[in-house]
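This report refers to the structure that appears directly beneath it.
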Amino acid sequence: MSRIQTCFDALQAQGRKALIPYFTAGDPDKANTVAMMHGMVEQGADIIELGIPFSDPTADGVVIQQAHLRALKNGANLSWVLETVKTFRETNSTTPVVLMGYLNPIEIMGYETFVETAADAGVDGVLCVDLPPEAAGRFRSQLVEKDIDLIFLIAPTTTDERIGKICSQASGYIYYVSLKGVTGSATLNTEEVSQRVQHIRNYTDLPVAVGFGISDGPSARAISSTSDGAIVGSVLVKEIAAAAQAGQPESAVGRVGEKLAAMRTAMDNG
Amino acid sequence: MPDNMRDSKVRNTKESEVRLNDTIDSSIDGSKNSALMNQGDDSKPWLNTPDLEGYFGPFGGRYAAETLMGALQELEDNFEKLWRSPGFQADFDRDLQHYVGRPSPLYFAERWSEALGGARIYLKREDLNHTGAHKINHAVGQALLAKHMGKTRIIAETGAGQHGVATATVAARLGLECIVYMGAEDVRRQALNVYRMKLLGAKVVPVEHGSRTLKDSINEAMRDWATNVDNTFYILGTVVGPRPYPKMVRAFQSVIGREAKQQILAQAGRLPDAVVACVGGGSNAMGLFHEFVPEESVRIIGVEAGGEGVDTGRHAARLSAGGKTGVLHGNRTCIMADDDGQIIESHSVSAGLDYPGVGPEHAWLKECGRAEYVDVTDDEALAAFRGLTQMEGIMPALESSHALAHVEKLAPTMSKDEIIIVNLSGRGDKDIHTVAAIDGIEV
């Protein structure tokens with residue numbers, strides 16, 4: 001059984017929902033990336049979505065775009081991200097790690113090399129923003145062979161026919177994008193999200209986690225109460241940016257931890 | 001969950017698995033090479049492209065964020081339905097004739113040909129189109145589609161500003177809101193076109209991220225589209241992007257080659273020996289080449305921006321200087337990327353060629369050997385700009401000047417009986433400030 005499934009099963013048994021933070025590996029710097037991962041777990045993260053830096057993150061808003069650029073400036077690349085996961089695994093063998101990013105760095109590394117290295121490092125899932133299920137065939141099989149989940153997005157614009165397709169290809173969990181737009185957008189209609197999540201459940205038994213637009217305890221609680229988990233990115237990355245701006249990269253772990261802890265508390269006491 | 005719902009869930013899953021498995025296995029890892037049987041005659045893989053999934057050999061496809069997948073399908077459905085309909089064709093032809101001013105002339109550059117001492121050179125005068133470049137052809141076509149689809153808001157990216165101007169023009173004509181994303185560096189280089197767009201009622205948004213050129217303006221347009229997908233039509237300015245853009249833009253531009261073929265048959269009584277065009281994304285080139293791809297006696301030559309020289313690393317010669325196969329802006333193609341898969345910033349004196357990717361069909365025409373791709377430097381292009389201006393009284397765009405610069409090398413190697421058609425894709429007025437600045441003159 002994959003770590004992701006084990007994680008969701010355990011949460012369900014406890015009547016809790018998954019808190020899934022995102023940050024870009026190598027931001028605010030390479031030295032604090034593993035510490036950030038451990039810090040997130042300490043403050044209540046159930047799964048970590050670790051961003052693979054890319055020069056042209058077309059589905060991200062300005063906050064995460066800048067995180068990618070900072071990480072690249074720090075010399076972070078895909079090989080290093082995979083080494084980082086391996087280092088994290090030396091002291092954490094339970095928290096699932098999902099690599100999130102764009103296809104090109106993986107394509108250039110080579111699919112086979114990537115899958116082998118990711119499996120060796122202890123990666124649990126991969127989410128490629130610009131890889132729809134129609135184009136994922138062989139890569140998906142290679143990942144499945146190594147027990148790595150390929151996670152897909154479903155958007156408000158996804159037709160029922162596509163929801164069916166996506167659910168038939170997905171594993172791990174479904175990432176429901178709560179709104180049209182890019183990461184870091186502001187408005188969130190909880191009622192609408194709730195209806196869409198219920199609708200998606202008609203097509204799959206996989207957990208459905210929701211991302212985009214979750215910014216604090218109340219929104220995390222509201223979203224997670226109608227789904228299986230809350231994915232939170234831009235609001236944390238803003239804290240990382242502030243730490244970088246202040247020239248105190250080591251303070252990022254604490255700043256992010258504070259935000260996460262508030263969400264964890266709100267979700268658990270909902 | 002009610003039982004009937006559970007049943008339909010299982011059924012949905014099975015059907016989609018079958019559908020997916022039919023198509024996906026070959027679409028990654030470049031293994032589409034082995035799937036040429038999808039594309040008809042194995043010995044001529046350059047014909048009948050793209051396939052139904054949008055692939056030209058291993059290149060092309062639809063690598064887009066999920067939020068855009070529905071809009072891309074809607075676009076493709078409307079394009080495929082309307083493109084072949086007599087009503088749409090009649091509207092498009094009428095606009096090309098009376099609004100764009102087609103057919104554009106095919107002009108025998110006699111004096112220039114004699115000076116070069118080789119082949120006879122004919123210029124396809126896309127610079128004489130309304131708004132001064134070939135970009136208006138696909139802007140008119142896509143605007144007609146937008147109108148049919150009931151979209152009220154138009155977005156576009158632009159490099160040199162020619163596509164932005166063309167888009168602002170068709171949006172003004174149809175009374176549609178128009179937002180043009182343009183790299184801040186290009187806003188600086190192409191101040192005249194920025195002002196033209198503003199006069200036409202478009203909002204020009206400078207993009208300050210990344211290299212602040214064409215690549216970044218496409219990134220930003222894609223973000224806008226994902227945010228405003230319901231009412232917005234993205235008029236993409238070249239043969240890149242996810243399916244159906246490469247095929248659709250080619251379809252709207254292919255009038256260039258159809259006219260050129262008729263014109264050369266009428267004027268010279270035979271097909272040309274070579275067709276030459278500059279390649280940024282590659283829309284003017286595909287527009288000229290498409291009609292000649294099946295004519296195997298015709299050499300097809302695309303000219304990329306060699307910038308400061310390919311050995312300096314500051315260029316945009318993706319195909320001719322050994323680019324990598326990768327995925328950028330929704331399609332698999334030949335790109336400039338480092339070993340980590342990060343996109344390398346391209347460089348060219350001409351904003352319209354300053355792009356690290358290229359249309360997937362160009363990557364395929366090169367790989368299967370049907371077309372050749374070469375590069376010329378900034379300096380060579382500038383020399384050709386001056387040469388044609390002084391010898392023929394025609395001031396070419398710096399983009400087109402790259403094609404001309406290669407013709408200056410090619411023509412002398414050919415005989416006087418041979419014929420070259422070169423696409424003069426745009427006029428040079430927009431570049432006067434750039435050229436003047438190089439001359440140290442403030443205009």
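Since the structure is predicted, the reported quantities are computational estimates derived from the model, not experimental observations. Chain identifiers are assigned alphabetically (A, B, ...) following the order of the sequence lines, protein sequences preceding nucleic acid strands; residue numbering begins at 1 within each chain. Side chains are part of it too, since the values below use all heavy atoms of this structure and drop only hydrogens, waters and symmetry mates.
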Part of Pro57(A) within contact of chain B (heavy atom distance under 4.5 Å): both
With side chain to side chain donor-acceptor pair (under 3.5 Å) as the criterion, how do Thr158(A) and Glu66(B) come out once you've worked through the C-alpha distance, each side chain's angles and the decisive distance to 0.1 Å? CA-CA 7 Å; Thr158(A) 305; Glu66(B) 181 57 32; 2.9 Å; yes
More than 12 heavy atoms of other residues, nucleotides or ligands under 6.0 Å from CD of Gln12(A): is that the case? no
Run Ile335(B) and Asn104(A) through side chain to side chain contact (heavy atoms under 4.5 Å, CB included) and show every step you take. CA-CA 10 Å; Ile335(B) 59 172; Asn104(A) 197 56; 3.4 Å; yes
Heavy-atom pairs under 4.5 Å with chain A, option from Lys215(B), Glu220(B), Arg62(B), Gln73(B) with the top count: Lys215(B)
For chain A, the option from Gly70(B), Ala64(B), Pro242(B), Ala337(B) that forms the most heavy-atom pairs under 4.5 Å: Ala64(B)
Hey, does the side chain of Arg223(B) reach the backbone of Asp60(A) with a donor-acceptor pair shorter than 3.5 angstrom? yes
Roughly how far, to the nearest 0.5 Å, is the OG1 atom of Thr58(A) from the CG atom of Asn219(B)? 6.0 Å
Chain A interface, residue from Leu328(B), Ile344(B), Thr325(B) that has the most non-hydrogen pairs under 4.5 Å: Thr325(B)
Any donor-acceptor pair under 3.5 Å from Glu134(A) side chain to Glu53(B) backbone: no
Answer whether the closest heavy-atom distance between the side chains of Ile343(B) and Phe54(A) falls below 4.5 Å. yes
Within the supplied structure, the quantity of interest is the number of heavy atoms (other residues, nucleotides, ligands) at a distance under 6.0 Å from Glu192(A) CD; does it exceed 12? no
Would you compute the distance between atom OG1 of Thr227(B) and atom CG of Leu179(A) and round it to the nearest 0.5 angstrom? 8.5 Å
Verdict with reasoning, Val62(A) to His209(B), per side chain to side chain contact (heavy atoms under 4.5 Å, CB included): CA-CA 9 Å; Val62(A) 66; His209(B) 317 300; 3.9 Å; yes
To the nearest 0.5 Å, what is the distance between CD (Gln65(A)) and CG (Asp216(B))? 9.0 Å
Top contributor to chain B contacts, counting heavy-atom pairs under 4.5 Å, from Asp130(A), Asn77(A), Ile154(A): Asp130(A)
Please check if atom CG in Asp339(B) has more than 12 non-hydrogen atoms from other residues, nucleotides or ligands closer than 6.0 Å. no
Using side-chain heavy atoms (C-beta onward) and a distance below 4.5 Å, is Glu107(A) in contact with Arg332(B)? yes
Segment of Leu153(A) engaging chain B (4.5 angstrom heavy-atom cut-off): both
Considering only heavy atoms and a distance below 4.5 Å, find which of Asp230(B), Val327(B), Asp338(B) pairs most often with chain A. Val327(B)
